[in-house]
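Input: a single structure, listed below in structure tokens.
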Amino acid sequence: MKILVTGAAGFIGFHLARRLIELGHNVIGLDNINDYYDVELKYARLEQLGISRKSAENFLLPAQSSTAPNNFSFVRMHLEDRESLPLLFNKEKFDVVCNLAAQAGVRYSLENPTAYIDSNIVGFLNLLECCRNTGVAHLVYASSSSVYGSNKEVPFSIQDNVDRPISLYAATKKSNELMAHTYSHLYGFATTGLRFFTVYGPWGRPDMALFLFTDAIVKNQPIKVFNYGKMERDFTYVDDIITGVVKVTEEDISGRKAENNSYKLYNIGNNKSVNLLDFIREIEHSLKKEAIKEMMPIQPGDVEKTWANVDDLVTDYGYQPTTQIKDGVKAFVSWYRDFYNI
């Protein structure tokens with residue numbers, strides 16, 4: 001298939017693009033390479049896909065390289081670009097779109113709310129319009145476990161009420177689900193939303209706990225342990241996540257169209273909640289070094305516990321995460337040491 005992967009220089013988007021390329025699909029990656037975190041990491045991910053920094057720096061010009069697989073190219077573009085994105089869709093005629101692009105981060109949404117509206121709302125609407133106007137058969141898009149807000153019922157179920165998000169980031173992700181439902185209903189093309197639960201692993205984002213903790217411990221700096229360590233997360237290894245996303249992406253959607261079942265929504269996680277202090281202990285074990293812990297109150301927009309009920313994804317796609325926390329953390333630490341020459 002010809003597949004557009006947005007957010008291809010990001011953590012999950014990079015891993016997804018790489019897997020789809022390996023499977024032989026014709027993949028075009030898109031990313032605006034913003035400076036929310038270190039752009040050097042984003043360019044390094046693209047280099048893993050064969051795209052040089054120089055060729056990826058210019059906006060709107062498709063980048064290819066002799067070192068890239070012949071079934072992959074990259075374009076730097078903003079999702080909210082209402083002129084350029086339709087031109088790309090009309091030229092390429094994608095079969096499937098995997099939207100992993102978004103302004104990420106719960107806490108950053110308190111500082112820069114307009115970035116979330118531009119990318120996650122305006123950009124997503126532009127993407128939906130391009131899909132329906134060019135006959136895209138299936139849009140797979142990233143939602144988030146943050147939509148559950150302060151939900152106390154665990155594990156979190158798709159059937160739970162998510163009408164009260166506690167961060168703007170969560171509100172934009174819930175909005176994406178509503179917008180996708182509307183477009184599936186009005187125009188009949190399939191949309192599948194995936195609520196990601198705390199994805200971690202090699203090439204991860206520097207603003208997420210595993211990266212922050214590892215970096216601080218290596219540098220003999222204290223780590224901030226929020227809610228005094230009384231936090232639990234459904235940590236899910238990136239390879240398990242990608243296996244699930246690929247199963248959804250490669251789905252034959254003819255049956256869904258016949259059943260008039262164009263809109264679907266799933267949790268995608270490890271189906272297990274891990275205490276934050278236990279997670280930190282695994283990092284300490286992998287680094288063979290103890291963390292200096294600075295115990296702090298919970299941050300605005302944070303939730304105490306996440307835990308995914310993934311029964312629907314298991315039933316419909318045979319999704320089955322297999323990576324243990326100790327193995328996933330070890331793989332990240334190994335990558336971190338290699339990437340930063342430590």
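This structure is a prediction, so every number in the text was calculated from the model and none was measured. Positions are given from 1, in the same order as the sequence printed here.
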Just checking [X]: does its [atom1] atom have more than 12 heavy atoms from other residues, nucleotides or ligands closer to it than 6.0 angstrom?
{"X": "E290", "atom1": "CD", "answer": "no"}
{"X": "K93", "atom1": "NZ", "answer": "yes"}
{"X": "E40", "atom1": "CD", "answer": "yes"}
{"X": "R337", "atom1": "CZ", "answer": "yes"}
{"X": "E153", "atom1": "CD", "answer": "no"}

Would you check if there is a donor-acceptor pair between the side chains of [Y] and [X] at a distance under 3.5 Å?
{"X": "S52", "Y": "S55", "answer": "yes"}
{"X": "S262", "Y": "N260", "answer": "no"}
{"X": "Q103", "Y": "S119", "answer": "no"}
{"X": "N151", "Y": "D160", "answer": "yes"}
{"X": "T243", "Y": "R19", "answer": "yes"}
{"X": "Y237", "Y": "Q324", "answer": "no"}

Okay, side chain of [X], backbone of [Y]: is any donor-acceptor separation there less than 3.5 Å?
{"X": "R256", "Y": "T191", "result": "yes"}
{"X": "R195", "Y": "Y266", "result": "no"}
{"X": "N161", "Y": "D163", "result": "yes"}
{"X": "Y116", "Y": "A104", "result": "yes"}
{"X": "N270", "Y": "K272", "result": "no"}
{"X": "N227", "Y": "P297", "result": "no"}
{"X": "N99", "Y": "T6", "result": "no"}
{"X": "D278", "Y": "V274", "result": "no"}
{"X": "K2", "Y": "E92", "result": "yes"}

Check this for me, if you would: do [X] and [Y] make a salt bridge, where the nitrogen-to-carboxylate-oxygen distance has to be below 4.0 angstrom?
{"X": "E57", "Y": "R53", "result": "yes"}
{"X": "E282", "Y": "K330", "result": "no"}
{"X": "R132", "Y": "E129", "result": "yes"}

Please report the closest heavy-atom contact between [X] and [Y], naming both atoms and the distance.
{"X": "T322", "Y": "D240", "answer": "N-OD2, 3.2 Å"}
{"X": "R45", "Y": "W203", "answer": "NH2-O, 2.7 Å"}
{"X": "T306", "Y": "T198", "answer": "OG1-OG1, 4.2 Å"}
{"X": "I21", "Y": "N71", "answer": "O-ND2, 3.1 Å"}
{"X": "G204", "Y": "L41", "answer": "O-CD2, 3.5 Å"}
{"X": "Y200", "Y": "F11", "answer": "C-CZ, 3.6 Å"}

#### Entry: Side-chain heavy-atom pair L16, C98 within 4.5 angstrom cut-off
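Contact flag for L16/C98 side chains = yes.
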### Message
What I'd like to find out is whether the side chain of F72 reaches to under 4.5 Å of the side chain of I51, using heavy atoms alone.
### Response
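The answer is yes; the side chains approach within 4.5 Å.
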Can you tell me how far [atom2] of [Y] sits from [atom1] of [X], rounded to the nearest 0.5 angstrom?
{"X": "L276", "Y": "I280", "atom1": "CG", "atom2": "CD1", "answer": "4.0 Å"}
{"X": "I117", "Y": "F124", "atom1": "CD1", "atom2": "CZ", "answer": "14.0 Å"}
{"X": "D312", "Y": "I268", "atom1": "CG", "atom2": "CD1", "answer": "12.5 Å"}
{"X": "R76", "Y": "N34", "atom1": "CZ", "atom2": "CG", "answer": "9.0 Å"}
{"X": "S167", "Y": "Q299", "atom1": "OG", "atom2": "CD", "answer": "13.0 Å"}

### Task
Please test K264 against D316 for side chain to side chain contact (heavy atoms under 4.5 Å, CB included), starting from the C-alpha separation and ending with a verdict.
CA-CA 11 Å; K264 284 189 176 182; D316 290 355; 3.9 Å; yes
### Query
Only one of D31, V5, L49 forms a side chain to side chain contact (heavy atoms under 4.5 Å, CB included) with F74, so which one is it?
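Of D31, V5, L49, side chain to side chain contact (heavy atoms under 4.5 Å, CB included) with F74 is met by D31 alone.
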### Task
Mind running salt bridge (charged side-chain N to carboxylate O under 4.0 Å, His left out) on E304 and K230 for me, showing each step along the way?
CA-CA 7 Å; E304 290 188 20; K230 298 175 184 177; over 6 Å; no
### Query
What do the steps show when you test V140 against V97 for side chain to side chain contact (heavy atoms under 4.5 Å, CB included), and what is the final call?
CA-CA 6 Å; V140 181; V97 173; over 6 Å; no
### Message
Assigning hydrophobic clusters by single linkage (Ile, Leu, Val, Met, Phe, Trp, Tyr; side-chain heavy-atom cutoff under 4.5 Å), is F14 placed with F339?
### Response
yes
### Message
Using the rule that Ile, Leu, Val, Met, Phe, Trp and Tyr join whenever any side-chain heavy atoms are under 4.5 Å apart, tell me whether F226 and V303 fall into a single cluster.
### Response
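No; tracing contacts between hydrophobic side chains, which count when under 4.5 Å, never links both residues.
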### Message
Restricting to ring pair (Phe, Tyr, Trp, His ring centres under 6.0 Å), what partner residues turn up for Y36, sequence neighbours left out?
### Response
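If we apply the ring pair (Phe, Tyr, Trp, His ring centres under 6.0 Å) test to Y36, skipping adjacent residues, the hits are Y108.
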#### Entry: Residues which pass ring pair (Phe, Tyr, Trp, His ring centres under 6.0 Å) with F211, listed by chain and number, not counting sequence neighbours
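Counting only residues at least two positions away or on another chain, F211 forms a ring pair (Phe, Tyr, Trp, His ring centres under 6.0 Å) with F332, Y336.
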### Message
Exactly one of K326, K293, K289 should register a salt bridge (charged side-chain N to carboxylate O under 4.0 Å, His left out) with E284. Which one does?
### Response
K293
### Query
side chain to side chain contact (heavy atoms under 4.5 Å, CB included) between M208 and V199: does it pass, once the steps are laid out?
CA-CA 9 Å; M208 296 190 73; V199 188; 5.7 Å; no
### Message
In terms of relative ring orientation, are F279 and F235 parallel, tilted or perpendicular, with 30° and 60° separating the classes?
### Response
parallel
#### Entry: Trace of the side chain to side chain contact (heavy atoms under 4.5 Å, CB included) decision for H185 with Y263
CA-CA 8 Å; H185 172 74; Y263 173 82; over 6 Å; no
### Query
Are K305 and F156 in a cation-pi contact, defined as NZ or CZ under 6.0 Å from the six-membered ring centre and within 45° of the axis?
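Pair K305/F156 does not count as cation-pi.
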